[in-house]
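In listed order, ligands and their atoms are each counted from 1.
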Amino acid sequence: MNLNKLLRKNIKNLVPYSSARDEFSGDGKVFLDANENPFNAPYNRYPDPLQKMLKRKISDIKGVSREQIFLGNGSDEPIDLLIRAFCEPETDNIVTIDPTYGMYQVAANINNVAIRKVSLSPGFVLDPMNVLHAVDLHTKLIFLCSPNNPSGNNLSRSAMLHIVRNFKGIVVVDEAYIDFSPGNSLLSDLQTHQNLVILQTLSKAWGLAGIRLGMAFAAPEIVAVLNKIKYPYNLNILTQQKALELLENKTVVENWVSTLISERKRVSEELEKLDIVQKINPSDANFLLVAVNNAPDLYQKLIKLGIVVRDRSKVHLCADCLRITIGSPEENDLLLKALKTF
Ligand SMILES: *Cc1c(COP(=O)(O)O)cnc(C)c1O
C-alpha cells in the first residue's frame, strides 16, 4: 500500500489548523494563550486535542501503541474522516458488504462517493472473492463489520485477512460488538498489516453511547492523517473524563458483558419455543436477528405494549426479521412474556 498515492491530493497537501494547545502542551502556570475565560475551572479550558491521558489508558487495555489510536466523536467520526481523506467525490468508491451497518452508506452519500455493495452469502457468510471482484481502480476503502450488524455473526477471520492481503487500498473492520465475541478481534493483526483500520466504540459493551467515543486503531501514518483533518477539539472534557472513569473500572464492564451473553443464550432458547419464531440467527453480539411470521405486524403489536425492537424486514437478506437488543433480565422477561401472548 502506498499511503501518499491513496490519499486525496488536497488532504495530502493540507496544512492543518494549529491550536493553542498544539503549540504548547507542557506544564505552564499561567495560560494566557487561548483566549479562555480564567473563571469556571475546569470547564473553562479547551480539552486536550490529542487526548493523551485517555490514549495512554486505552493503549494499556488494548495492547496497541498510542500512535496507533485515533479517538473520535463516536465511530461515526472516523468513518466519515476515512472517506473524506481517501475518496475523491464523484470519482472514487467504497465497497461494503450487504447487509451491514447503515452509516458507511450515509457517510459515502454525504461525501458524494459511490458505494458498491456485495451481498453476503446465505447465513450472512463473507466470500472474500466476491468482495475483491467488486474492487476497481477507484476503490479506496472496503468496509467490513464483525460481528456484523444487523446479522449479529462474526465474519471469518481468514476471509477478512484474505481481503486485507489482496487489496491495495484500506480495509476497515468495524468491531463495535467485539466485546461480546472474545478472541475474534483483528487487533493482533494490526502490526503486520499497514492497510488495516479497526473500529471499536464505547457505545455498546462499555455502556457509554451517550458520551460519544469511538476508537480507530491503525498504523501511525493513517492515524496521523485522521488527526490532521479532524476538528481540533473533537472530544470534549466531559467525555474524556467519563471515559477515563469507566476504563479504570473494567470489572464492572466485564460483569455487564457476561450477563448480556448469558441473557442472549436464554432469550434465544425461549424464542425458539415460540410458534411465531421461524429462525434465530446465531449471534456474537448483544442482539438477535430473528425471522418471524409477519415482522411488521409483530413490531406494531410490541409497540402497543411499549416494547420497541427494530423492524429490519426491508433490509437485504432480512425478510421478516426483527432485530432485538438483549436488555436487562427484567426487560427480556417483559419481551418474552409479551411474545407468548401473541
Ligand atoms: C452501534 C454501532 C457503532 C457505534 O457507533 P458509535 O458512533 O460509536 O456510537 C458502530 N458500528 C456499528 C456496526 C454499530 O452497530
Side-chain angles (χ1 to χ4, degrees), residues 51 54-55 58 61-62 69-84 94-108 110 115 117-118 120 124 126 141-155 160 171-181 184-187 196-218 226 230-231 234-236 238-240 242-243 246-247 253 256-257 260 264 281 283-289 308-312 315-318 321-327:
Q51 308 103 12
L54 202 47
K55 282 182 185 166
I58 292 171
I61 292 177
K62 299 288 177 182
I69 305 172
F70 171 85
L71 300 181
N73 186 330
S75 311
D76 298 341
E77 183 177 1
I79 291 168
D80 179 59
L81 293 181
L82 284 161
I83 293 176
R84 277 203 272 161
I94 67 166
V95 168
T96 72
I97 53 174
D98 190 22
T100 195
Y101 184 48
M103 266 314 285
Y104 318 133
Q105 161 138 36
V106 172
I110 290 170
I115 168 166
K117 296 186 186 185
V118 178
L120 292 171
F124 303 104
L126 172 67
L141 301 164
I142 296 175
F143 282 88
L144 304 174
C145 182
S146 177
N148 188 34
N149 180 3
S151 53
N153 60 309
N154 281 321
L155 303 181
M160 289 192 283
V171 180
V172 183
V173 180
D174 188 339
E175 296 187 340
Y177 300 98
I178 199 68
D179 300 284
F180 302 103
S181 176
N184 282 308
S185 175
L186 289 195
L187 219 44
L196 176 60
V197 176
I198 292 169
L199 302 180
Q200 293 186 5
T201 177
L202 297 193
S203 294
K204 306 286 155 66
W206 290 83
L208 289 173
I211 72 168
R212 311 304 303 130
L213 201 155
M215 306 172 274
F217 304 101
L226 299 179
K230 76 183 181 75
Y231 287 153
N234 61 329
L235 281 199
N236 66 69
L238 299 170
T239 293
Q240 295 191 46
K242 197 73 202 169
L246 200 72
L247 291 166
V253 177
W256 292 339
V257 168
L260 291 172
R264 179 177 77 202
N281 290 281
S283 173
D284 302 293
N286 66 336
F287 58 85
L288 293 167
L289 186 71
V308 190
V309 298
R310 198 88 194 265
D311 180 1
R312 299 279 77 187
V315 173
H316 179 62
L317 300 182
C318 299
C321 282
L322 298 178
R323 194 194 67 192
I324 303 174
T325 306
I326 303 301

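Put simply, the side chain of Leu247 reaches to within 4.5 Å of the side chain of Trp206, judged on heavy atoms.
Looking from atom 1 (C) of ligand 1 to the surrounding protein, the closest heavy atom is Lys204 NZ, 1.2 Å. The single protein non-hydrogen atom nearest to atom 7 (O) of ligand 1 is Arg212 NH2, 2.6 Å, given as residue, atom name and distance. At the shortest separation from atom 15 (O) of ligand 1 among protein heavy atoms lies Tyr177 OH, 2.6 Å.
Residues Ser151 and Asn281 have side chains that never bring a donor and an acceptor to within less than 3.5 angstrom of each other.
Both the backbone and the side chain of Ser75 come within 4.0 Å of ligand 1, judged by heavy-atom distances. Neither the backbone nor the side chain of Met103 comes within 4.0 Å of ligand 1, counting heavy atoms alone. Within the 4.0 Å heavy-atom criterion, both parts of Asp76, backbone and side chain, lie near ligand 1.
Evaluation of the salt bridge (charged side-chain N to carboxylate O under 4.0 Å, His left out) test over residues 96-107, restricted to residues two or more places apart or in two chains, returns none.
Judged by the shortest distance from any of its heavy atoms, Cys145 lies inside the 4.0 Å radius around the atoms of ligand 1.
Here the straight-line distance linking atom CD1 of Ile326 with atom CZ of Arg264 works out to 8.0 Å at 0.5 Å rounding. One distance of note links CZ of Arg212 with CD of Glu77; it measures 10.0 Å at 0.5 Å rounding.
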Enumerate, atom names and distances included, each donor-acceptor pair closer than 3.5 Å involving a side-chain atom of residues 99-106, sequence neighbours excluded.
unit_1, atom_1, unit_2, atom_2, d
Thr100, OG1, Asn148, OD1, 2.8
Tyr101, OH, Asp76, OD1, 3.2
Tyr104, OH, Asp174, OD2, 2.7
Gln105, OE1, Lys117, NZ, 2.8

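The atoms of ligand 1 that sit less than 4.0 Å from any heavy atom of Ser203 are 6 (P), 8 (O), 9 (O). Of all the atoms in ligand 1, the ones that sit under 4.0 Å from a non-hydrogen atom of Ala176 are 2 (C), 3 (C), 10 (C), 11 (N), 12 (C), 14 (C).
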